[in-house]
Amino acid sequence: MDFKLEKHEIEKVLLEFTKIYFEQDGGGRIKEQKQGLGYSNLIYLLLEVKIFKEKLNREKINLLVFEEPEAHLHPQMENIFIKFLNRITSANEYVATEIKEANILAVNQDMNTSEEVMEEVAVAVAFTVSDQIVSDKDLISFQMFITTHSSEMAKSIDLSSIRVLRPKNHMESKIFDLRLFIAGLNPSEFAFYNKFFQFNMIEMVFADKLILFEGDAERLLLKYLIINDSRFRILSAQYISYIQVGGAYAYNYLKLIDFLEIKTLILSDIDYRYDSEDIEKEAYELIKDVVKRNTSNKTIEEITEKSNIKDIYKSQIKNKGKYSISKFVCLKFQTYKDGYARTLEDAILKNLLNVKTVFNKVSKQEFQKYIDQHNLQIAPSKKSETSIRDRVDKLSRKTDFMYSMIEHSQIENSVPTYILEGLNWLQE
C-alpha cells in the first residue's frame with residue numbers, strides 16, 4: 001500500500017497510534033489514561049516548563065506564570081513540583097551569585113573596578129559556571145510567578161520570594177513584600193525567621209486571624225470551642241491560623257504580625273513562682289505572697305513591660321489585653337478573675353469545681369469525689385488536704401487532661417474568663 005502524509009497530518013497520526021505507559025516500582029506499567037488527575041496535572045505542568053525553557057528568547061521578556069498549580073495535587077506532589085521549579089532556576093541564580101561575589105572580590109582587592117573590568121569579570125565567571133553546570137541557553141533569564149493558597153507550596157519557597165496579597169475590604173487588596181520585611185530585620189531576628197518561618201509561620205500568610213498559644217492542650221480547647229460553641233459562630237466562618245509558640249517566643253512573632261497587619265490573639269500562662277511548701281499556707285495568705293512574686297513568662301514581660309504579678313494584673317485589667325507594642329495584638333492570661341490560676345488547667349478546674357480561688361483547700365476524699373464525678377485525668381492527693389493549684393502543679397499529662405474534659409462534655413461551662421475575653425475580642 002502506498003500512501004503519502006502531509007506534514008500537518010503527521011501529528012494527528014502519531015497521537016492516534018501512540019500509547020504512553022508509565023513504569024511503576026516493581027515493574028508494572030500504567031496507561032496514561034489510568035493515571036489520577038493529580039499525576040496527570042503534574043506531568044502536564046512539568047512538560048509545559050520544559051517547553052517554556054526550550055522557547056526562551058533573549059530578545060523578549062520571558063515570563064512563566066502558574067495559577068494555583070496545587071489543584072488536584074497531593075501535598076507531597078506539590079513539594080516535588082516546587083523542588084523541580086527550584087532546580088530549573090538554580091543555575092541562573094548560581095551564576096548571578098558568582099558574578100556578585102566576583103564583583104565584591106574585585107572591590108575588596110582594590111582592583112580597577114571600571115565598567116569594562118566588571119564586565120570582563122562577569123563574563124568570565126558566567127562562562128566558567130555555564131561550562132560546568134548549564135548550557136548557554138539556560139542562562140537566559142526569566143521571571144516566574146506562582147499564585148497559590150497552599151501552605152505546602154509556600155513553605156518550599158524562599159522567604160524573600162514570597163508576596164502576600166491580603167484583602168483590605170471587598171474591593172481592595174494590599175501586597176506585602178516579604179523581601180522588604182527581611183530587609184528590616186537585625187541579624188538575630190533574621191536568623192529566627194529564617195529558621196522557623198517554613199514550618200511554624202507559613203500558615204500566617206493565609207489566615208484571616210491568628211491565635212498564638214503555648215501547648216497542645218490550648219490547641220485542643222481553642223479548636224473545640226470555635227467549632228462547637230455557638231458563641232463563636234463568626235470565628236468559625238473565618239480562617240483562623242493556630243500557631244504554637246510556647247511561653248517564651250510569642251513576642252518574636254510581633255514584627256511579622258505588624259508587617260502583615262493581622263489581628264492576633266496571644267494566650268499565655270501567667271507563670272508565677274509556685275513552691276512546694278505553698279500548699280501549707282491558707283488561701284488569703286498565699287494570695288498576698290503570689291502578687292509580690294514575678295512572672296517567668298518572657299512574652300508577658302516583653303509586651304506588658306512589667307514582671308511583678310500585681311503590676312501585671314493591674315495593667316491587664318486597665319488595658320484589657322491591648323498594649324502599645326502592637327495595635328493588632330491582644331494578650332490574655334490568667335488574673336484574679338480566674339481565681340489566681342497559674343495555668344490553663346487550674347483556671348478550668350476553678351470554674352468546673354466552682355471554687356473561689358485555686359488555693360482553696362479541700363480534703364483528700366472530697367477531691368477524689370471531684371475526680372470520679374467529672375472523669376478527671378488528674379492524680380488524687382496523698383495528703384489529707386490539697387488544692388487545685390497543688391494538683392495541677394503535679395499534672396504531667398496535660399493533653400490527656402484536656403482530651404478527657406472534652407470527651408466527657410465538661411468544658412462548656414468551665415472555660416476560663418481570659419479565654420472567653422480573648423476570643424470575644426478576636427471576634428469583634
Please evaluate residues Arg391 and Asp393 with respect to the criterion salt bridge (charged side-chain N to carboxylate O under 4.0 Å, His left out), reporting the C-alpha separation (whole Å), side-chain torsions for both, the decisive distance (0.1 Å), and the verdict.
CA-CA 5 Å; Arg391 290 295 85 214; Asp393 193 54; over 6 Å; no
Under a 3.5 Å cutoff, is there a donor and acceptor pairing between the side chains of Asp390 and Ser387?
no
Tell me every residue that passes side chain to side chain donor-acceptor pair (under 3.5 Å) with Gln334, counting only those two or more places apart in sequence or in another chain.
Asp269, Tyr418
Beyond-backbone contact of Leu265 with Leu331, side-chain heavy atoms, under 4.5 angstrom
no
Verify the distance criterion only: is there a donor paired with an acceptor across the side chains of Asn200 and Tyr253 at less than 3.5 Å?
yes
Measure across Ser307 and Glu301 and return the closest heavy-atom pair with its distance rounded to 0.1 Å.
CB-OE2, 3.2 Å
Partner set under side-chain contact (heavy atoms from CB on, under 4.5 Å) for Phe181, not counting sequence neighbours
Leu178, Leu185, Tyr193, Lys255, Leu256, Phe259
Donor on one side chain, acceptor on other, Asp158 and Ser160, under 3.5 Å:
yes
Between Asp271 and Thr295, do the side chains contain an N or O donor and an N or O acceptor separated by less than 3.5 Å?
no
Does the plane of the ring in Phe196 sit parallel, tilted or perpendicular to the ring in Phe199? Use 30° and 60° as the thresholds.
tilted
Going by side-chain contact (heavy atoms from CB on, under 4.5 Å), Tyr336 matches just one of Thr357, Thr417, Ile317. Which one?
Ile317
Is it the case that the side chains of Thr343 and Glu345 hold a donor-acceptor pair, with the cut-off being a distance below 3.5 Å and no angle test?
yes
Under 3.5 Å: donor-acceptor pair, side chain of His374, backbone of Tyr370:
no
